[in-house]
Number of protein chains: 2
Amino acid sequence: MVNGGKRSGRPRAGEERLSRDAILTAALGIVDDEGIDALTMRRLAATLKVNPMSLYHHLPNKAAVLAGLAELVFAGLELPDPGDSVPWDEQLKQAARAYRDGLRQHPNLALQVLSDTAAVSDVVVVTMEPFYRALDRAGLAPREIFEAANTLIDFIHGFSLGEASVRAETFELAPDLLTRVRALPAHKAPTLTRIVNDLGADGLAYDFDSGFESGLSTLTAGIAATVRRR
Amino acid sequence: MVNGGKRSGRPRAGEERLSRDAILTAALGIVDDEGIDALTMRRLAATLKVNPMSLYHHLPNKAAVLAGLAELVFAGLELPDPGDSVPWDEQLKQAARAYRDGLRQHPNLALQVLSDTAAVSDVVVVTMEPFYRALDRAGLAPREIFEAANTLIDFIHGFSLGEASVRAETFELAPDLLTRVRALPAHKAPTLTRIVNDLGADGLAYDFDSGFESGLSTLTAGIAATVRRR
DNA sequence: TCCTTATCCATACGTTGTACGATTATGTAC
DNA sequence: GTACATAATCGTACAACGTATGGATAAGGA
């Protein structure tokens with residue numbers, strides 16, 4: 001009993017006990033505050049004022065903690081469904097924006113979440129319902145609905161991955177890109193070079209929000225074209 | 001000198017020496033064969049028949065090894081450019097397919113590569129030239145070219161991430177999805193439920209290749225719509 | 001020849017995930 | 001009540017990891 005006032009053995013009836021949920025909540029706090037690397041079993045246990053090995057009673061290993069976090073983030077997602085009061089493409093866009101926002105809430109977890117969606121696809125599949133509904137309203141066939149939803153989801157994932165990576169390094173895209181391209185031998189990428197010169201420094205200022213909107217518009221336009229082709 | 005026939009100190013002139021390239025090549029081999037977790041500095045050194053600390057003469061730390069691997073994969077990419085002999089949308093699709101194929105070559109590295117593109121954007125920016133060229137031919141304005149290219153790249157990234165994650169777990173999407181959706185209370189996701197029932201088990205068989213093609217078609221159709229809107 | 005620099009090796013430290021077993025309470029069966 | 005299986009925690013310990021430090025040896029220019 002070298003421990004500071006901490007008894008060994010099973011806690012008494014009234015005492016608060018550890019739980020999977022408590023562990024995951026604490027873990028999420030650590031990750032949000034200090035990044036994914038700060039999350040170690042020892043650190044997690046210390047935060048909960050508990051022996052590291054106690055955690056293993058509720059979760060089999062660290063991988064399970066990470067998977068649990070991904071699950072938590074996904075479970076917290078709620079895509080709005082404005083219903084039929086707006087055109088289908090606006091409905092789709094709103095759901096897409098909400099999905100992106102949800103993923104942005106825990107940037108330090110983005111990588112974990114995005115590479116773990118398979119593990120949590122229970123939740124995913126239900127969460128995406130607004131996507132399916134909007135696409136159904138657009139007049140797509142069942143198979144097309146699936147394909148279009150997947151395409152949209154893939155776009156959001158790729159976009160979010162970029163967003164999270166860049167944010168993690170406080171990397172400034174625009175000015176960097178400009179100098180880099182200017183330093184290139186022009187013949188290696190003539191079109192790129194010309195575009196960059198046409199745009200100038202101002203035109204290059206990259207903005208995640210408008211980039212996302214632009215992607216959404218392209219995708220909905222593409223989907224609309226699928227519908228029209230019948 | 002407990003070591004098995006290995007001398008200490010600088011190697012003699014003729015002897016083969018370590019190099020950044022040799023290290024990265026060996027690392028790539030390990031990752032491809034046994035996954036990213038199998039890559040440790042000690043294991044890497046053992047493969048090269050070298051003391052672990054020798055590696056640090058050529059690379060500052062393990063993170064640099066991983067970044068180097070991402071760079072390697074990207075440098076190996078070559079997007080074909082069929083030129084103006086095909087329509088712009090076909091040109092764009094061919095480049096996109098090649099990009100996806102390149103990322104698929106080292107599935108165990110997908111996450112690393114995709115979350116590290118910022119670090120290697122020198123290479124990226126040049127590699128994407130065929131994208132820009134095709135979009136230029138389509139008749140987009142400079143700013144639109146950028147936006148469309150980014151959208152396409154984000155889609156490919158998201159798609160590749162899903163492909164890599166799933167492959168890593170030998171997860172079978174289709175049958176799993178079917179049983180899962182059937183188990184749902186229908187009111188939680190009515191559209192999804194109806195779609196799944198309409199399609200049946202056969203119609204659900206998911207195929208990455210056709211999923212990718214479907215995404216490409218949607219995107220090119222959306223881009224074409226942008227052009228037409230002028 | 002001397003000296004700087006390149007290259008590699010040996011040892012060692014702090015951290016990590018977690019296997020194992022001891023310790024203490026709970027809840028059920030008799 | 002009294003056993004007893006089970007639950008929950010703690011303490012110790014270990015192997016593996018990344019890498020800091022410093023020593024050994026040779027290369028190559030002064």
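As a whole-Å value, the separation of A:Arg43 CZ from C:dT16 P is 10 Å. The distance from atom CG of B:Leu59 to atom C1' of D:dA20 is 17 Å, rounded to the nearest whole Å. Between the CG atom of A:Leu44 and the C1' atom of C:dG17 there is a distance of 13 Å, rounded to whole Å. D:dA7 atom C1' lies 5 Å from atom NE2 of A:His57, rounded to whole Å. For the pair B:Ile23 CD1 and C:dT7 C1', the computed distance is 11 Å after rounding to whole Å. Atom pair A:Leu18:CG and D:dC10:C1' shows a separation of 12 Å (rounding to whole Å applied). Summarising the geometry, the separation between CG on A:Asn51 and C1' on C:dT24 is reported as 14 Å, rounded to the nearest angstrom. Across the protein-nucleic acid pair, B:Leu48 atom CG and C:dT7 atom P stand 15 Å apart, rounded to whole Å.
The shortest non-hydrogen separation linking A:Thr47 to A:Ala26 is CG2-CB, 4.4 Å. Taking both residues in full, the closest heavy atoms of A:Asn51 and A:Ala45 are given as C-CB, 3.8 Å, listed atom of the first, atom of the second, then distance. For B:Gly102 against B:Leu77, the heavy-atom pair with the smallest separation is CA-CD2, 3.2 Å.
In this structure, A:Ser54 reaches the D:dC10 phosphate: one of its side-chain N or O atoms is under 4.0 Å from OP1 or OP2. For A:His58 and D:dA7, the shortest distance from a side-chain N or O to OP1 or OP2 is not below 4.0 Å.
Salt bridge present: A:Asp209 and A:Arg100 bring a charged side-chain N and a carboxylate O closer than 4.0 Å. Salt-bridge formation is not detected for the pair A:Lys93/A:Glu213: no Lys NZ or Arg NE/NH1/NH2 atom is positioned less than 4.0 Å from an Asp or Glu carboxylate oxygen.
The stretch residues 35-42 of chain B comes close to DNA chain D through B:Thr40, B:Met41, B:Arg42, each having a heavy atom under 4.0 Å from the strand.
Taking the six-membered ring wherever Trp is involved, the centroid distance between the rings of A:Phe155 and A:Phe212 falls below 6.0 Å.
Toward the 5' end of DNA chain D, the nearer of the two residues B:Lys62 and A:Ser19, judged by each one's closest nucleotide, is A:Ser19.
Residues A:Gln91 and A:Arg133 form a side-chain contact, since some pair of their non-hydrogen atoms from C-beta on lies under 4.5 Å apart.
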